[in-house]
Amino acid sequence: MDKMVLTGGKALHGTAPTSGAKNAALPILFSTILAPGVHRFRNVPRLMDIDSTAALLQSLGCEARRENELYVVDVAELKSFEAHYDLVRKMRASILCLGPMLARYGHAVVSLPGGCAIGTRPIDLHLEGMKALGAEIELKDGYVHAHTKRLKGASILFETATVGGTENVMMAATLAEGTTILENAAKEPEIVDLAEYLNKMGAKISGHGTSIITIEGVSSLKPAEHSIMPDRIEAGTLVIAGAITRGDVKVTQCRPADLESLLIKMRESGFKIETGDDWVRVQGVSEWKGVDVTTAPHPLFATDLQAQFMALMTLAKGTSVITETVFENRFMHVQELMRLGADISPKTRVAVVRGRPSLTGAPVMATDLRASASLVLAGLAAKGETTVGRIYHLDRGYENLEGKLSGLGAQVRRME
Ligand code: EPZ
């Protein structure tokens, strides 16, 4: 298993580009099931989760391949309607093939995803949504079995604003008979990107990006072309890398508006942040102050940046109270940050971080994708050498992170 070895304490300088967004690319690749033919995408990041998606699409009978700058998905008639446990357990987002298969073919068998490192993460709201559209759902032998003649439009109020649930039901509703209204829909930019691709395919979706999404069902969709939006979480992680090392970093090819809640907190903490149309520049300061952060659905502070922001707060002057409201178990990085010398008191959903003047390198273990990113950030700032184990978590969601960090002057290498 690969490890990442960082020699910390070096200020990062320069420019780093943002890759395409994992969490937009995954639902968009699954949405191809809705329309037979050849779909073409740009800016699909090279990540393990994209390879897992390709493996699942291939197991259903589609072809997914890279052609230079393009990512091509060739969708014929599916030869299987089953998303197997071996594929789904590797990547929970695999559940997103349920809506498209059900809408186009009237049946789907998808494994329940099983356990997760950051919380229980049920899929009940996805299933309630499919039922509201007229599907019969049965849970048998660890699998969701879904059937319908043709889905019918309905009004659906989500009890919790769920990103995946909104995406799955929105995809299913594109081919339903009649109009579907989703209330308390999630508003994440990745949902907007998916809706834009669905509309390019001929869907009739409006209201995406707000909490009420309306989908007028159509009888068929056609493949289209699309460039995946920039990854706001990767961009935010790189901005924090510049800040935590007291460097001067310009993150390009991103959308600053998608990062607003992070940038507000960073300015409040004392960092100098400039933005342009598609870039953010952070200038480090010798001292920054602890600020409180509460994660919540978009446009509030993203749970996917909580661990990285906590790393930054471990070196702040003063105390920061970090509250996680989206997932119930997303503090797995805390014990590892403490191995680097951080002073943190974690409770179930609240962590009190008392800033220290410095961290010291140590061997640490990654537990999930964003936890790994926070350990890398802390390692960049810590004195001496930090080794981050189980770095495969990072490969799921960060394209060439060590290359981008090395380009900014970080001393980082991968070791088998
Ligand atoms: C998406 O997960 C992202 N994944 C996550 O990214 C992200 O952390 C999360 O949204 C929140 O922003 C992808 O887009 C592939 P949710 P998702 O459904 O869709 C509860 C990363 O690091 N819930 O919005 O699974 C759930 O338990 C990650 O890239 C139900 O109760 O998140 C959670 O508490 C990991 N029942 C809350 O809703 C359901 O049926 C929000 O989860 C569905 C969700």
Side-chain angles (χ1 to χ4, degrees), residues 19-31 45 47-50 52-53 56 88 90-99 110 112-132 137 139 144 156-171 182 184-194 211 228-229 231-237 258 261-262 295-309 324-330 332-333 348-349 366-374 393-399:
S19 297
K22 165 180 87 79
N23 289 347
L26 301 181
I28 288 175
L29 292 180
F30 284 119
S31 78
L47 301 172
M48 243 160 62
D49 275 8
I50 297 293
S52 303
T53 306
L56 177 47
V88 180
K90 273 196 204 151
M91 188 187 69
R92 302 181 63 83
S94 304
I95 187 70
L96 296 174
C97 67
L98 175 67
V110 180
L112 288 162
C116 175
I118 62 175
T120 50
R121 300 183 77 184
I123 55 157
D124 55 323
L125 301 174
H126 300 233
L127 302 184
E128 290 304 319
M130 301 304 164
K131 279 188 206 165
I137 304 278
L139 299 184
V144 177
I156 298 167
L157 170 63
F158 286 110
E159 204 176 287
T160 305
T162 153
V163 175
T166 302
E167 292 167 343
N168 225 346
V169 179
M170 182 168 79
M171 289 191 279
L182 305 181
N184 194 25
K187 298 182 284 208
E188 270 63 8
E190 293 76 13
I191 290 174
V192 176
D193 211 37
L194 170 63
S211 59
I228 304 294
M229 63 172 278
D231 196 313
R232 63 194 167 103
I233 306 303
E234 185 205 17
T237 304
D258 292 344
S261 54
L262 170 70
T295 67
H298 193 75
L300 300 175
F301 198 93
T303 172
D304 290 348
L305 283 169
Q306 177 259 110
Q308 301 89 313
F309 195 79
E324 171 60 53
T325 74
V326 180
F327 291 110
E328 69 270 26
N329 189 26
R330 215 174 191 182
M332 303 281 278
H333 44 283
T348 324
R349 286 186 179 244
T367 47
D368 75 68
L369 170 57
R370 308 304 171 187
S372 329
S374 83
H393 288 293
L394 263 191
D395 297 334
R396 293 190 52 189
Y398 286 92
E399 182 176 61

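Remember, it's 1-based here, ligands and their atoms both numbered in the order they're listed.
Close approach of ligand 1 to Gly164 (heavy-atom distance below 4.0 Å) involves ligand atoms 18 (O), 19 (O). Contact atoms of ligand 1 toward His126: 40 (O) (distance under 4.0 Å to a heavy atom of the residue). Each of the atoms 5 (C), 6 (O), 7 (C), 8 (O), 21 (C), 22 (O), 28 (C), 29 (O) of ligand 1 lies under 4.0 Å from some heavy atom of Asp304. Those atoms of ligand 1 that come under 4.0 Å of a heavy atom in Lys22, given as number and element, are 21 (C), 29 (O).
Residue-to-ligand polar distances keep Glu328 apart from ligand 1: every N/O pair is separated by 3.5 Å or more. At under 3.5 Å, a nitrogen or oxygen of Leu125, whether backbone or side chain, sits near a nitrogen or oxygen of ligand 1.
Each of Leu26, Leu96, Ile50 was evaluated against Met91; a single residue qualifies, Leu26, per the side chain to side chain contact (heavy atoms under 4.5 Å, CB included) test. Of the candidates Thr303, Ile233, Leu305, Ile233 is the only one forming a side chain to side chain contact (heavy atoms under 4.5 Å, CB included) with Arg370.
Here Thr166 contributes atom OG1 and Glu188 contributes atom CD; the two are 8.0 Å apart, rounded to the nearest 0.5 Å.
When non-hydrogen atoms are compared, ligand 1 lies under 4.0 Å from the side chain of Thr303 (C-beta onward) but not from its backbone. Residue-level proximity to ligand 1 for Glu159 is absent, since no heavy atom of it falls below 4.0 angstrom. Here Thr160 has side-chain heavy atoms under 4.0 Å from ligand 1, and that is the only part of it that gets that close. In Leu369, the part holding a heavy atom less than 4.0 Å from any atom of ligand 1 is the side chain.
Counted by atom type alone, His393 and Asp368 present zero donor-acceptor pairs between their side chains at under 3.5 Å. Using modelled atom types and a 3.5 Å distance limit, the side chains of Thr325 and Arg349 yield no donor-acceptor pair. Thr237 and Gln308 share a donor-acceptor pair across their side chains, judged by distance under 3.5 Å alone.
In terms of heavy atoms, Met332 sits closest to Thr367 at CB-OG1, 3.3 Å.
Evaluated by nearest non-hydrogen atom to atom 39 (C) of ligand 1, the leading choice among Ala371, Pro122, Gly165 is Pro122. The option from Arg330, Arg92, Arg370 that lies nearest to atom 35 (C) of ligand 1, judged by heavy atoms, is Arg330.
The salt bridge (charged side-chain N to carboxylate O under 4.0 Å, His left out) analysis of residues 122-131, with sequence neighbours excluded, yields the pairs Glu128-Lys131.
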